[in-house]
Amino acid sequence: MPRPRKRLAGSAEPAGPDNKGPAGKRTKTKNPVGASAQVVNSSPQKTSASKTCGKYLSSYWLMKSEAESRLEKGVDVKFSIEDLKAQPKQTACWDGVRNYQWVRRKVVVYSPLGQARNFLRAMKLEQEAFFYHSNCKEPGIAGLVKIVKEAYPDHTQFEKNNPHYDPSSKEDNPKWSMVDVQFVRMMKRFITLAELKTHHQAHKATGGPLKNMALFSRQRLSIQPLTQEEFDFILSLEEKEPS
DNA sequence: GCCAACGTTGGC
DNA sequence: GCCAACGTTGGC
């Protein structure tokens, strides 16, 4: 399965004149989110979301993205928080999430929906997520983003040249979803994975807020729910010296 | 670059 | 539906 991580949207377009990405050399194109982002200030649609009929009632999230260049089927999948900031409206669609299986501890339940996808679909307008840099020298939480468009079909699944092309997905019944996220702010300081892990270890013994953090207990999930306690605790770390 | 953890696939 | 083999994630 492809990596359920973030990459720039719109990569189906051939490198066109609008290709002036942050690093200049990527073959990725700008994301087409402009169109979708205006949902932001429209609240008319009582999104199906507001029914909160799902089992995921989390209001906070952690989203992983690769912060260093890496080619996947010839496409650079790098998308750091700086790249997000450089987008129009500082907004990008979160495509490429392909995570089909639901695994909890030793009990493996095959869900008709993938876990990361379920989480994507549970994300609601204005909810906040930590932007996590993965697969890089210093992994950790770089900043805060918010959901500005709820789940809609991930266009990359229909694009033959996209690393996330899924020939088994049909236009009239898309398998994969994505959301749009907008940059909110950088963390006051970068919260490293190592620091989070130190707290996680300590909290396992003391029952502290990070004792069950998904980053460690479900390490391969690209989109993870955070509890209020986890979110608040991590925010509080900003004000402290790195431990 | 290595490799542990864990998600996915396919034979049965 | 089980589970061994394989593939991927992602920290180190």
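Letters A, B, ... mirror the listed sequences (proteins, then strands); counts begin at 1. Being a predicted model, the structure only gives us computed values, none of them experimental.
- Across all strands shown, A:Lys137 has no heavy atoms under 4.0 Å from either base or sugar-phosphate atoms.
- Between A:Lys64 and C:dG11 there is no side-chain N or O to OP1 or OP2 distance below 4.0 Å.
- Nucleotide B:dA4 holds its C1' atom 16 Å from the CZ atom of A:Phe216, rounded to whole Å.
- Take A:Lys188 and apply the side-chain hydrogen bond (donor to acceptor under 3.5 Å, both in side chains) test, not counting sequence neighbours, and it matches A:Glu239.
- In summary, the side chains of A:Trp61 and A:Gln127 do present a donor paired with an acceptor at a separation below 3.5 Å, with no hydrogens or angles considered.
- Counting only heavy atoms from C-beta on, A:Gln219 has its side chain closest to B:dA5 among C:dC12, B:dA5, C:dG10.
- Following rounding to the nearest Å, A:Ile141 (CD1) and C:dG11 (P) show an atom-to-atom distance of 12 Å.
- One interatomic measurement links the two molecules: CE of A:Met63 to P of C:dG10, which rounds to 13 Å at whole-angstrom precision.
- Put simply, OH on A:Tyr132 is 8 Å from C1' on C:dG11, counting in whole angstrom units.
- A:Leu193 has its CG atom 5 Å from the P atom of C:dC12, to the nearest Å.
- In this structure, the CE atom of A:Met213 is 15 Å from the C1' atom of C:dG11, given to the nearest Å.
- Partners of A:Phe190 by ring-ring contact (aromatic ring centres under 6.0 Å, His included), not counting sequence neighbours: none found.
- A donor atom on one side chain and an acceptor atom on the other are not found under 3.5 Å apart for A:Tyr60 and A:Asp232.
- What separates CG of A:Leu62 from P of C:dT9 is a distance of 17 Å, to the nearest Å.
- Across the protein-nucleic acid pair, A:Asn135 atom CG and B:dC3 atom P stand 17 Å apart, rounded to whole Å.
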